[in-house]
Amino acid sequence: MITGEVKSKVGRVWDAFWSGGISNPLEVMEQITYLLFIKRLDELQTVKDRRANATGTPDPDPFFDADQQDLRWQNFKVRDPAIMYGIVAEGVFPYLRRMGGDDSTYSHHMKDARFTIPNANLLAKVVDLLDDLGMDKSDTKGDIYEYLLAKIASAGQNGQFRTPRHIIDLMVEMTQPGPGDEVCDPACGTAGFLVQTSSYVKRTHKEALLGAEQRKHFNESMFHGFDFDSTMLRIGSMNMLLHGVENPDIRWRDSLAESAAGEAEKYSLILANPPFAGSLDYESTAKDLQSIVKTKKTELLFLALFLRLLKPGGRAAVIVPDGVLFGSTKAHKELRRMLVEEQQLQAVVKLPSGSIPPRNPGRLGTPRCRDRQGCV
């Protein structure tokens, strides 16, 4: 939980961008993400430096070489605004783009980083404000980033990218994620479901995460998120990093257009609030989804995808519109039959009007399990 003072500081960061000529909330968030990423790299490099000094052994794989020290946050933040601007524009951002060859999720999504802050004074002001936020603890970093994302949701049309936190918490509590789960959100956006799942697991399974193997699973193979918006992937990846997940599987994927054969029966838990944009052409829809339910309706196709991705005995909590329950087409009826007769549908929770951003009106359903064996 962040304090009123911190919220005030975050508000000043946001206002600085708006008064500096950047009024697109997603662009603001993207620029903040880049700056937080380079700040995080500097923090990690400081840890590496301390370890090297303590052991007397040089770090074999530093983030910054000897000739790249000017690119570190702690060094460029104290420079004159005009000099800082040149360093960030001509040094830091090309460096971020070159990092795309690294194995980490974050580096991969930073390869298309664009620097759009228009002048040195705005950059200097934003760097000072971010440096003053005191993001020295993982929980604080995550809360601050979540608060920034909430400001996107309050900025009008971009609200569709963020499901309200209390609804995410409800869905996570209903499904009770464990440290051994493989969790997937096939339309992850800012990764809110994955973030809250990680927080739940850390809170309820502290002892299980002490082991090296389990910790490795938590950081590298437990969380999977797909989206076809590169900006959302960058923001979602940073959201996970600031909440303490080091290298999640966050990647570009058009979930309805690409075959799910390589992902079939891979995940034990799906949490999602996918975009329901109406209809798609048959030609643009994956054939293996059409084999489950022949339709152009995206809400039915996403449910078919979830059933395809779940392991036997897996579970899911997903947000769907009213039409899934009341639609009268053959595809609607067939999907309802599958959920009732072939899956273990445990609950349908009616959400009050206005609970979900306008693109996702409706209900919260929980289709669970690929078969009736071993169901929770």
Side-chain angles (χ1 to χ4, degrees), residues 1-43 70-97 106 109-110 112-159 161-162 189-190 192 229-232 234-239 241-243:
M1 183 68 68
I2 62 175
T3 65
E5 181 184 0
V6 173
K7 287 183 179 181
S8 178
K9 291 179 179 179
V10 172
R12 288 200 292 272
V13 174
W14 199 264
D15 292 341
F17 276 102
W18 281 66
S19 62
I22 301 181
S23 58
N24 183 335
L26 285 182
E27 185 178 359
V28 172
M29 195 69 225
E30 192 173 27
Q31 294 304 300
I32 291 174
T33 296
Y34 295 141
L35 293 174
L36 289 179
F37 183 69
I38 197 68
K39 187 173 187 288
R40 177 61 174 161
L41 285 180
D42 184 40
E43 293 171 354
D70 282 348
L71 306 185
R72 297 182 62 170
W73 178 277
Q74 61 180 279
N75 293 330
F76 70 67
K77 73 176 183 179
V78 298
R79 305 297 291 272
D80 178 82
I83 296 175
M84 181 200 304
Y85 190 84
I87 291 173
V88 173
E90 299 170 14
V92 172
F93 272 73
Y95 167 76
L96 289 180
R97 288 191 286 269
Y106 316 102
H109 295 312
M110 294 297 168
D112 296 321
R114 296 180 306 112
F115 181 59
T116 62
I117 294 177
N119 58 67
N121 289 334
L122 176 57
L123 176 63
K125 186 174 183 179
V126 170
V127 167
D128 285 343
L129 289 170
L130 290 177
D131 195 59
D132 192 43
L133 278 176
M135 301 170 69
D136 53 339
K137 295 181 180 178
S138 178
D139 289 344
T140 303
K141 291 174 183 176
D143 287 344
I144 289 173
Y145 203 72
E146 281 290 306
Y147 184 64
L148 284 164
L149 293 177
K151 294 187 77 65
I152 289 182
S154 67
Q157 62 180 355
N158 297 299
F161 293 113
R162 192 171 185 271
T190 61
D229 186 314
S230 58
T231 299
M232 287 295 103
R234 281 191 284 273
I235 292 173
S237 296
M238 180 57 63
N239 202 10
L241 174 65
L242 295 179
H243 279 86

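Predicted model, so just to flag it, every value in this text is computed and none were measured.
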Heavy-atom nearest pair, T231 first then L26, reads CG2-O, 4.5 Å
Suppose we screen for side chain to side chain donor-acceptor pair (under 3.5 Å). Which residues come up paired with R12, at least two apart in sequence or across chains?
S8
Residues in side chain to side chain donor-acceptor pair (under 3.5 Å) contact with S237, at least two apart in sequence or another chain:
none
Over all atoms of both residues, closest heavy-atom pair of T190 and N239:
O-ND2, 2.9 Å
Taking the side chain as everything from C-beta on, heavy atoms only, tell me whether L123 gets closer than 4.5 Å to F76.
no
Rounded to the nearest 0.5 angstrom, the NZ-CG distance for K39 and L130 is 8.0 Å
Heavy-atom closest pair, residues I38 and L35
CG2-O, 3.1 Å
Using side chain to side chain donor-acceptor pair (under 3.5 Å) as the criterion, list what pairs up with T116, not counting sequence neighbours.
E27, Q31
Heavy-atom closest contact (M84 atom, V127 atom, distance)
SD-CG2, 4.0 Å
Not counting sequence neighbours, which residues clear salt bridge (charged side-chain N to carboxylate O under 4.0 Å, His left out) with R114? List them please.
E30
Quick test of your reading: applying salt bridge (charged side-chain N to carboxylate O under 4.0 Å, His left out), list the pairs with at least one residue in residues 81-93, sequence neighbours left out, ordered by first then second residue.
none
Test item: V92 and W73 side chains (from C-beta on) under 4.5 Å apart, heavy atoms:
no
Closest non-hydrogen atom pair, D131 against K77
OD2-NZ, 3.0 Å
One should read off an interatomic distance between M29 CE and W14 CH2, to the nearest 0.5 angstrom, of 6.5 Å
Between A89 and P94, which heavy-atom pair has the shortest distance, and what is it?
O-CD, 3.5 Å
Does any part of the side chain of L149, heavy atoms only, come nearer than 4.5 Å to the side chain of Y145, both counted from C-beta?
yes
Here the gap from T33 atom OG1 to M238 atom CE, rounded to the nearest 0.5 Å, amounts to 6.0 Å
Is there side-chain contact between K9 and L129, with at least one heavy-atom pair below 4.5 Å?
no
Taking the side chain as every heavy atom from C-beta outward, state whether I117 and Y34 have any pair of such atoms under 4.5 Å apart.
no
What pairs with N119 under side chain to side chain contact (heavy atoms under 4.5 Å, CB included), at least two apart in sequence or on another chain?
N121, L122
Apply side chain to side chain contact (heavy atoms under 4.5 Å, CB included) to N75 and list each qualifying residue two or more places apart in sequence or on a separate chain.
Q69, R72
Would you give the length of the straight line joining atom CD1 of I32 to atom CG of L148, rounded to the nearest 0.5 angstrom?
5.0 Å
Sequence neighbours excluded, which residues qualify as ring-ring contact (aromatic ring centres under 6.0 Å, His included) partners of Y85?
F115
